[in-house]
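All values below were derived from every heavy atom in this structure, side-chain atoms included, with hydrogens, water molecules and symmetry-related copies excluded. We're numbering straight along the sequence, starting at 1.
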Amino acid sequence: MADASEEVLEGVDVGELLDELRAIISPSLEESGVKADWEIAADLPPIRVNRTGLLQVFLNLTKNSRLALRDTPNGRILVTAYALDSSVVIRISDNGPGIS
């Protein structure tokens with residue numbers, strides 16, 4: 001039996017998780033005038049991860065991007081996900097001013 005303090009990781013469908021992220025953040029992005037592009041590969045393998053924790057990381061990253069883009073004309077966020085060897089790569093980027 002697993003120790004109660006051990007985290008149980010579940011097999012997560014990355015495409016479904018990113019669809020959920022899109023549903024959550026789209027209204028605030030539209031309200032802020034920020035466009036989002038999604039490039040999610042269709043053949044992503046499931047990943048073993050804390051689903052809620054990963055979603056929270058994505059929410060934090062996209063919120064930071066939205067705030068950084070508030071004064072940027074034509075602000076855009078790009079979310080990409082693809083398989084690379086035995087890994088899944090997920091990138092969230094924006095065209096904001098960056099951090100000095």
Can [Y] be reached from [X] by stepping across I, L, V, M, F, W or Y side chains whose heavy atoms are under 4.5 Å apart?
X	Y	result
L61	I47	yes
V89	L18	no
Y82	V12	no
V88	L78	no
W38	V14	yes

Looking at [atom1] of [X] and [atom2] of [Y], how far apart are the two atoms once the value is rounded to the nearest 0.5 Å?
X	Y	atom1	atom2	answer
D13	R51	CG	CZ	9.0 Å
L29	L69	CG	CG	9.0 Å
I40	L21	CD1	CG	9.0 Å
R22	L17	CZ	CG	12.0 Å
I77	K63	CD1	NZ	13.0 Å

For [X] and [Y], which heavy atoms make the closest approach, and how far apart are they?
X	Y	result
D94	S65	OD2-OG, 2.7 Å
A83	L44	N-CD2, 3.4 Å
R66	S32	CD-OG, 3.4 Å

**Prompt:** Does any non-hydrogen side-chain atom of I24 lie less than 4.5 Å from one of T62?
**Reply:** no
**Message:** Are the side chains of F58 and V79 in contact, using a 4.5 Å heavy-atom criterion?
**Reply:**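 No - every pair of side-chain heavy atoms lies 4.5 Å or more apart.
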**Asked** For atom CG of D37, is the number of surrounding heavy atoms from other residues, nucleotides or ligands below 6.0 Å larger than 12?
**Response** yes
**Message:** For A23, is there any backbone N or O sitting under 3.5 Å from a side-chain donor or acceptor partner on S26?
**Reply:**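 Absent.
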**Asked** Does any N or O in the side chain of N95 come within less than 3.5 Å of the main-chain N or O of N74, such that one atom is a donor and the other an acceptor?
**Response**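 Between the backbone of N74 and the side chain of N95 there is a qualifying donor-acceptor contact (under 3.5 Å).
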